[in-house]
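For ligands, and for the atoms within them, numbers begin at 1 and follow the listed sequence. As the structure is a prediction and not an experimental result, all values here were calculated from the model.
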Amino acid sequence: MTGDDLAERRGMETDVYQPAEDSGLLAEAVVERGRGRFLEVGTGSGWVAEQAATEAADVASVVATDVNPHACRSARERGRAAAPEGNGGIEVVRANLLDPFADDSFDTVAFNPPYLPTDPDNKWSDWMERALSGGETGRELIDPFVDDVGRVLAPGGVVLLLVSSLTGYDEVVERAERRGFDHDVVVRESYPFETLSVLALSGK
Ligand SMILES: C[S@@+](CC[C@H](N)C(=O)[O-])C[C@H]1O[C@@H](n2cnc3c(N)ncnc32)[C@H](O)[C@@H]1O
C-alpha cells in the first residue's frame, strides 16, 4: 500500500477497506496454510474471510471481526452470498482485536492490520483512518495483537500476519519471538515503496 494508493483509495472509499495487494497476499497464505477453526481479525470487506470459507480446503469454520460496523455489514452480506458454495459462510462479530474470544478457540488466526506509520499531527478521523493508520510506529494494533494472540490460539495453531517493511519487519519478528513464537515467511512481494510479507507464527 503506497501513499498514492492511499490517496486514491481515500478518494473512492471512506467506509470500508476494499481488497488490495495486501489482502491478496494474506488470502494466498490463508488458502495455503489455513485450517480448522479460522478467525480473521479486521476483515474489512470480508473478502479474505470469504476466500477462507470457499477456497481453503482445510478450513472448517470462519469467524470474522472488525471494529467498523460498515465492514461488519459488508462481511455479513459477503458471507451470506458465499454460504451456498462454502463451508457454512462467515460468522461476523463486531469487536476490538481478540477481546471477546475464549482461550484456545482457533486453529488459524489471520490479520492484515492497519499498519501505516502516521504523524500524530496529521491525523484524519474516519473509518479509513482506522483501516490504515498504525499510529506513530505503525505497530499500535500489531503489538497488542501479537501480545494476545497466543491466548486464543489452540495448541498447534498458526497465526498469519501481514507485515509491511514500512512498519518495521524486524521489530514485529522480535516481539513475536519474545512471545514464544517461531516464524516463517509464507509469501513476500516487493512494491516500489514497501515489501509485504505474510508471517506464519507457530509453536505455541
Ligand atoms: C488494512 S484493513 C484490512 C481489511 C481486510 N482484512 C483486507 O485484507 O482487505 C484493516 C482492517 O482492520 C480493522 N480494524 C482496525 N482496528 C481494529 C481493531 N482494534 N479491532 C478489529 N479490527 C480493527 C479496520 O476497520 C480494517 O477493516
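Distance alone, capped at 3.5 Å, places no donor-acceptor pair between the R175 side chain and the I142 backbone. The main-chain N or O of R35 is found under 3.5 Å from a side-chain atom of T108 such that the two form a donor-acceptor pair.
Close approach of ligand 1 to A95 (heavy-atom distance below 4.0 Å) involves ligand atoms 20 (N), 21 (C). Ligand-side atoms of ligand 1 in range of G44: 4 (C), 27 (O), range being under 4.0 angstrom from any heavy atom. Listed by number with element, the atoms of ligand 1 under 4.0 Å from a non-hydrogen atom of N96 are 18 (C), 19 (N), 20 (N). With ligand atoms numbered from 1 in the order given, ligand 1 contributes 1 (C), 2 (S), 10 (C), 24 (C), 26 (C) to contacts under 4.0 Å with heavy atoms of A131.
Counting heavy atoms under 4.0 Å from ligand 1, residue T43 touches it through the backbone alone.
For the atom pair R151 CZ and S105 OG, the distance stands at 7.5 Å (nearest 0.5 Å). To the nearest 0.5 Å, atoms CD (E189) and CD (E21) are separated by 9.5 Å.
Between Y17 and ligand 1, a contact under 3.5 Å exists for no N or O pair. Considering both main-chain and side-chain atoms, S23 comes within under 3.5 Å of ligand 1 through a nitrogen or oxygen pair. Checked against a 3.5 angstrom limit, the closest N/O atoms of D22 and ligand 1 fall outside it. Checking only distances, N112 does come within under 3.5 Å of ligand 1, N or O to N or O. Below 3.5 Å of separation, one finds no N or O of Q18 facing any N or O of ligand 1. In terms of N/O distances under 3.5 Å, ligand 1 is approached by L97.
Put simply, V93 and W127 are part of two different groups of oily side chains (I, L, V, M, F, W, Y) that touch within less than 4.5 Å, one to the next.
Side-chain N/O atoms of D22 and Y17 include a donor and acceptor closer than 3.5 Å.
Among A27, S45, G42, P114, the residue whose heavy atom sits closest to atom 6 (N) of ligand 1 is G42. The closest heavy-atom contact to atom 18 (C) of ligand 1, among the options V93, V67, V30, L26, comes from V67.
Taking the six-membered ring where the residue is Trp, Y169 and H183 present perpendicular rings, their angle passing 60° and hence far from 30°.
Applying the 6.0 Å contact sphere to CD of E136 captures no more than 12 heavy atoms from other residues, nucleotides or ligands.
When all heavy atoms are compared, the tightest approach of R179 to V146 is CG-O, 3.9 Å.
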